[in-house]
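Okay, structure first, notes after.
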Amino acid sequence: MQQIKIFKSVDTEIPQMEHQINRWMRKSGARVLSITGNLASNPSSGQGPMSSFAAGDIMVIVHYEIDAPQK
């Protein structure tokens with residue numbers, strides 16, 4: 001049975017997000033079919049001299065397959 005899992009974080013926490021995703025993959029036993037991600041910049045990123053340091057949102061979608069539950 002195919003399913004999806006969505007992870008959301010900010011770009012300043014990428015190592016923690018990678019750890020979370022890798023740990024989930026190991027523990028779930030899921031067979032990963034694909035991983036897609038998107039980085040959205042902070043809406044205020046065009047304002048002020050320090051704006052290049054504003055965190056952006058990251059979303060990662062894992063498309064995976066698991067065995068169907070036994071009836």
Side-chain angles (χ1 to χ4, degrees):
M1 173 171 35
Q2 293 186 11
Q3 298 189 11
I4 63 165
K5 173 93 173 148
I6 298 174
F7 296 90
K8 183 180 175 287
S9 189
V10 291
D11 62 0
T12 56
E13 299 176 357
I14 290 175
Q16 295 91 333
M17 184 181 198
E18 288 174 345
H19 177 75
Q20 178 187 14
I21 293 169
N22 288 329
R23 187 177 71 203
W24 172 82
M25 287 192 298
R26 282 192 307 273
K27 289 187 174 202
S28 71
R31 292 180 299 277
V32 174
L33 303 174
S34 69
I35 298 176
T36 305
N38 188 38
L39 173 63
S41 63
N42 188 322
S44 64
S45 65
Q47 303 168 356
M50 297 300 285
S51 63
S52 62
F53 296 103
D57 292 331
I58 295 178
M59 181 177 69
V60 173
I61 301 171
V62 179
H63 179 207
Y64 66 98
E65 189 171 61
I66 58 169
D67 295 329
Q70 300 297 322
K71 293 183 179 182

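What you see below is based on every heavy atom in this structure, not just the backbone, and it leaves out hydrogens, waters and symmetry mates. The residues of the chain are indexed from 1 along the displayed sequence.
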Next on the checklist: For a side chain to side chain contact (heavy atoms under 4.5 Å, CB included) check, start with the C-alpha distance between Q16 and V10, then their side-chain angles and the critical distance, and finish with the verdict.
Outcome noted: CA-CA 10 Å; Q16 295 91 333; V10 291; over 6 Å; no
List, by chain and number, the other hydrophobic cluster members for I14, where Ile, Leu, Val, Met, Phe, Trp and Tyr join if side-chain heavy atoms come within less than 4.5 Å, directly or indirectly.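 Answer for I14: F7, M17, I21, W24, M25, V32, I35, L39, I58, V60, V62, Y64, I66.
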Next on the checklist: To the closest 0.5 Å, what do you measure between NE2 (H63) and CG (L33)?
Outcome noted: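 Result: 5.0 Å between the selected atoms.
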Requested in this report: Would you mind listing every salt bridge (charged side-chain N to carboxylate O under 4.0 Å, His left out) that reaches into residues 16-29, with sequence neighbours excluded?
Outcome: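 Residue pairs with at least one partner in residues 16-29: there are none.
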Taking only residues two or more places apart in sequence, or in another chain, which ones meet H19 in a side chain to side chain donor-acceptor pair (under 3.5 Å)?
->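 Applying side chain to side chain donor-acceptor pair (under 3.5 Å) to H19 gives none.
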